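Please read the structure below before turning to the comments.
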Amino acid sequence: MNNRRVIVKVPASTANLGPGFDTLGMALSLYSWIEMSAAEKTTFRLYGDQMQGIPTDKSNLIYKVAQLVFEEAGVVVPELDVAMYSDIPLTRGLGSSASAIIGALVAANALIGNPLTDDKLFQLATKLEGHPDNVGASLFGGIVVSAWDGERADYVRLEPHVKLETLVAIPAFQLSTEKARHCLPTQISMADAVFNVGRSSLLVAALASGELGLIRHAMRDRLHQPYRAALIPGMTAILESAADYGALGAALSGAGPTLIAFVDETSKSKSELEQFLLGTLKQEGIVADTMWLKPSSEGPVIIVEDSASSAPDLMERIKGEVVR
Ligand code: HSE
């Protein structure tokens, strides 16, 4: 096996953007890093708070996903040296698992000379994650509109408007996607379906054409947010009133509990909006962190080095880039 070392930087993502349940995703300027090389014996170096409790044997997700790539490509790389660091909080609705899946797919593919196309990686990632929204955004960057029929995911990537910025309020509690999907109904009314088709279509058109003023009307949803509201106290008030505090629109980020407001980066009311989000959550007894994030136009950034032995440690390499 070659002694190549691959380092991949992958963006976080926000899914749904309100009405586009399991369909819309946008990459965000918060990242995780995976380093991978072939080894004689499998080892893991997991850095930072987000990695606590993550397995360091061959049941590790990164290892398993990498093996899937090798299998697809018909090559054998049984032992890997893997290092990982992430600034993306776990189970908060910012696509941490999607970014890990994409990082593992892209790193493993680069390690063996990129035999799989991006489209193939997207299909594999969608199957692994169960929906294409977060993985599409982390893989292609920007805004990704995708539809999956259980077999194939098709997508279109849109370039985010240059003035688009987001404010995320990340509650201090975790909410598993499984729990947040469990509370959804199995059937909905025709009126709610039409409501969401209208909003989601309008949102995609507004984002594609740069009509940011339409976002506040287009971000409304009746498919999932109303049912998830009970799990995130303060959410309903924030979604209803964020636009009155200067947001272009607001939504639950993915399955939550993070809330995301879209903002014109030249807005004069950024601190009022931030105070409104934090104050509303605080009234409900919820402690939250806020972050201002830009859409990430780029998907994974890949570095391939040829000599594995003399390179600096992952943390040494990325120390100027990490947030936490
Ligand atoms: N579209 C998914 C959901 C995103 O809302 O459940 C979760 O990662």
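Both ligands and their constituent atoms are indexed starting at 1 by order of listing. All values derive from a computational prediction rather than experimental measurement.
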So, do L116 and E72 sit near enough that their side-chain heavy atoms are less than 4.5 Å apart?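 Of all side-chain heavy-atom pairs linking E72 with L116, at least one is under 4.5 Å.
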Does the side chain of V263 reach to within under 4.5 Å of the side chain of T166, using non-hydrogen atoms?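 Not touching, per the 4.5 Å side-chain cut-off.
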Parallel, tilted or perpendicular: which describes the rings of F44 and Y63, with under 30° parallel and over 60° perpendicular?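 If you compare the ring of F44 with that of Y63, the planes turn out perpendicular.
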Return the residue, atom name and 0.1 Å-rounded distance of the protein heavy atom closest to [atom].
| atom | answer |
| --- | --- |
| atom 7 (C) of ligand 1 | H131 CE1, 3.6 Å |
| atom 8 (O) of ligand 1 | N134 OD1, 3.0 Å |
| atom 6 (O) of ligand 1 | R181 NH1, 2.7 Å |

Ligand-side contact atoms (ligand 1) for residue partner [X], heavy atom cut-off under 4.0 Å:
| X | value |
| --- | --- |
| F21 | 3 (C), 5 (O), 6 (O) |
| D22 | 1 (N), 2 (C), 3 (C) |
| R228 | 3 (C), 5 (O), 6 (O) |
| N16 | 1 (N), 3 (C), 5 (O) |

Give a yes/no verdict on whether any heavy atom in E178 is under 4.0 Å from an atom of ligand 1.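 No, E178 has no heavy atoms under 4.0 Å from ligand 1.
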Scan for ring pair (Phe, Tyr, Trp, His ring centres under 6.0 Å) pairs involving residues 219-267, sequence neighbours excluded, and state none if there are none.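 Sorted result for residues 219-267: F21-H224, Y245-F276.
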Which pair of non-hydrogen atoms, one from P295 and one from L164, has the smallest distance, and what is that distance?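 The answer is CD-O, 3.0 Å.
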Quick test of your reading of the model: are E35 and R45 salt-bridged, counting only N-O distances below 4.0 Å?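 Judged by the 4.0 Å cut-off on N to carboxylate O distance, E35 and R45 do form a salt bridge.
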